[in-house]
Protein chains: 2
Amino acid sequence: MPGKNIHQERELFHEYLRRNGLKKTRQKDMILEAFLGNEGHLSVEDIYALVKKKDRKVGIVTVFRTLKSLTACGIAREIGLGDGLTRFEHRYHHPLHHHIICTRCNKVIEFVSPELERVQQEIVLKYGFQQANPRIQVYGVCQECLEQRSTPERPKCDTGKVFARDALRMALSMRSRRLEFYRSAAARNLDPGGREVFAKVALEEEALALQLAAELEALQRREKGLDEAPAFLHFDEAELEKLIPSLQADTVAGELRLGAPRALELAMQLEERAAGFFRQYAEKFDETEGRQVLERFAEQQLRHHASIHDTAQAMKSASAS
Amino acid sequence: MPGKNIHQERELFHEYLRRNGLKKTRQKDMILEAFLGNEGHLSVEDIYALVKKKDRKVGIVTVFRTLKSLTACGIAREIGLGDGLTRFEHRYHHPLHHHIICTRCNKVIEFVSPELERVQQEIVLKYGFQQANPRIQVYGVCQECLEQRSTPERPKCDTGKVFARDALRMALSMRSRRLEFYRSAAARNLDPGGREVFAKVALEEEALALQLAAELEALQRREKGLDEAPAFLHFDEAELEKLIPSLQADTVAGELRLGAPRALELAMQLEERAAGFFRQYAEKFDETEGRQVLERFAEQQLRHHASIHDTAQAMKSASAS
DNA sequence: GTACGTGCAAAGACTTTGCAATGGC
DNA sequence: GCCATTGCAAAGTCTTTGCACGTAC
């Protein structure tokens, strides 16, 4: 990935240099490019090798020094993976995440999980530790090493993009679950007015779902290998399920009779609660593309909520006149 | 702690040497003693310094080599805490645990948490990693460092003992919660027979609770500073609460009327379920004193279950004759 | 007596520091 | 022209290896 968009990072770096009375040089820019142009957890030696391909005269000391600067300005994050080497990963516009490390082959898998974070936070707070970016490193042995075979080489993807993909998948999962709800409610509802409302909302829901699916596809087309990248975001399906309302209270003797006003109310409730959930969920992450996906999804739901609200108002005034 | 009981570890080590055609020497024994005589996460340099106090002629290379052997035979565990040094911690009869590390002052806190483990396990399994001892290291900044003050020096305790203490505390917590249940059930129950049963079981429960409390006190007396050591085992109080039966089903119009047979049945159910829970819970840990505490507690509950069962049988045959 | 163990020194791996020459600004 | 930067070499830190002598078995 040589022609990557690294304008923002370069700008950030140059700004950092300017502010600190440091000078921008060809070497520093080359190192920045080498670092940003490669995913994964690169050691100084790794980056040195990359830079050397472009200019044999660069010294490894400069790489050490430049990586310190990149860390200082928030473009890189220094991590130790237990093999004695200091490694660096992309930080700018990449979510803070955790690592699973195979102690045999040193393979590293990155992930985020709000659920894990919650439990961990609880424990850490008991000891008076602040939430200041606690990073979890899980050491274990991977499937391949256990079976004594080598890991298939996978193209490495930008963590930020993988996160965006998973956020879209999560949103899509919510959308399809909700679509199912609206459809089944429409099918079961014996009240024609209510049935019509659910059917209409389901149609709208479907259109929005298609929109999300298209966005996901576009993303996967842009970044090749993205669909094969392992999951990065672990979301709790059960949490999403909790957002779906139960029709128990409205079911009498196995029969569902929901008038249009009640159906609209239910749909509005659902959209609003889901929007709130996703907004809060998004806040747990650093500023990243994935977070933006979640925020946009929350907004989309609020807009849907507003549109249902308008429909309800229109119906009210129609019946009043 | 110079006069510590390290017979078992020494035996294990010598056995390992014998099996591998290695020789036991004064130096190796001294290093073993220095390692076991100090809690915490010692570096090679730390242990070297300790050994040197006894014999100035020992070389640091021997310490490196001996610690490799101690790791190989399961007495020590090698850990990296992110400061670039290889550190060693006690392993034999110490539960596998996780670390919270302050990235500023390098303070280390150890803990276990079945709940955290569950969530983590779930994630790790998704990636095909086996449960082969995944270790979590959480990096953060401790309260003291945030407030720019130094950490009060605490006597370090044997992790195994702290775990035993926490297991006892957990058992005690279960016991007192259950005592409360039996007492309140006795007080509320309008049936004299059932009331008597609950009162009797509560008395037995109290005796067992006192026994546990005595055990905890004895442990704390043996190991000074143990009561001040931070929590090591994080158990979920809510899990224990789930074991307590609800009397809702037996409450009619706010009134509780439980005959002796039903009261006995409830008590037996409670003891049995709690025994099962603690037996399973104990299995999650390596062979340690803490695990034994949990197992003994499970057995104690089974015995209590059996004794209640006998009472029930006696009552039955009495009423039959 | 054999073979491993020990402690010295030396080397190796990774990272930092000192310094004279170089090159941004 | 000033002063940070660079790349070399050198040093520093942690750990391992080589080797001659010592010692457990």
Side-chain angles (χ1 to χ4, degrees), chain A residues 10 13-35 41-73 76 78-88 106, chain B residues 10 13-35 41-73 76 78-88 106:
Chain A
R10 186 178 279 127
F13 186 39
H14 290 175
E15 174 65 24
Y16 167 82
L17 296 177
R18 214 174 307 134
R19 264 198 229 273
N20 292 68
L22 306 175
K23 282 154 189 172
K24 79 180 175 207
T25 65
R26 201 176 36 85
Q27 287 93 330
K28 282 177 188 166
D29 271 359
M30 279 167 50
I31 292 164
L32 174 70
E33 249 169 72
F35 170 64
H41 305 88
L42 291 85
S43 66
V44 174
E45 201 73 39
D46 292 337
I47 297 168
Y48 178 52
L50 287 166
V51 174
K52 219 161 191 190
K53 278 193 215 158
K54 299 231 165 183
D55 182 349
R56 312 255 280 29
K57 293 192 298 299
V58 185
I60 195 168
V61 200
T62 308
V63 180
F64 270 102
R65 285 188 279 229
T66 304
L67 281 170
K68 283 253 176 293
S69 298
L70 290 177
T71 303
C73 72
E78 217 177 306
I79 52 168
L81 259 33
D83 62 350
L85 289 196
T86 308
R87 292 172 177 280
F88 295 86
N106 290 323
Chain B
R10 187 179 279 127
F13 186 39
H14 290 176
E15 174 65 23
Y16 168 82
L17 296 177
R18 214 174 308 134
R19 266 197 227 276
N20 292 68
L22 305 176
K23 281 155 187 169
K24 81 178 174 209
T25 65
R26 201 173 38 85
Q27 287 92 330
K28 283 176 187 167
D29 271 0
M30 278 166 51
I31 292 165
L32 174 69
E33 246 169 74
F35 170 65
H41 305 88
L42 291 85
S43 67
V44 175
E45 200 71 40
D46 292 337
I47 296 168
Y48 179 51
L50 287 165
V51 174
K52 219 159 188 194
K53 278 193 214 159
K54 297 228 167 187
D55 183 347
R56 313 259 273 36
K57 293 192 297 298
V58 183
I60 196 170
V61 200
T62 308
V63 180
F64 270 101
R65 285 188 280 229
T66 304
L67 280 170
K68 284 252 176 295
S69 298
L70 291 178
T71 303
C73 73
E78 219 176 305
I79 51 169
L81 260 32
D83 61 351
L85 290 196
T86 308
R87 292 172 176 282
F88 295 85
N106 291 322

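Naming convention: chains lettered A, B, ... in sequence-line order (proteins, then strands); numbering from 1 in each chain.
Within the 4.5 Å cutoff, the side chain of Asp29(A) has heavy atoms near those of the His14(A) side chain. Proximity of Glu33(A) to Arg10(A): side-chain heavy atoms (C-beta onward) are separated by under 4.5 Å at one or more points.
At a cut-off of 3.5 angstrom, the base of dG23(C) holds no donor-acceptor pair with the side chain of Arg26(A).
Remark: Gln27(B) is in phosphate contact with dG7(C), judged by side-chain N or O atoms under 4.0 Å from OP1 or OP2. Taking 4.0 angstrom as the limit, Lys68(A) places a side-chain polar atom (N or O) nearer than this to OP1 or OP2 of dT16(C). Between Lys28(B) and dG5(C) there is a side-chain N or O to OP1 or OP2 distance below 4.0 Å. The side chain of Thr62(A) contributes no N or O atom lying less than 4.0 Å from OP1 or OP2 of dT5(D). The side chain of Ser43(B) contributes no N or O atom lying less than 4.0 Å from OP1 or OP2 of dC14(D). Between Thr25(B) and dT23(D) there is no side-chain N or O to OP1 or OP2 distance below 4.0 Å.
No donor-acceptor distance shorter than 3.5 angstrom exists from the side chain of Asn20(B) to the backbone of Leu22(B), with no hydrogens or angles considered. The closest donor-acceptor contact from the side chain of Lys28(B) to the backbone of Lys23(B) lies under 3.5 Å.
Looking at the side chain of Lys24(A), the nearest of the listed nucleotides dG7(D), dG5(C), dC25(C) is dC25(C).
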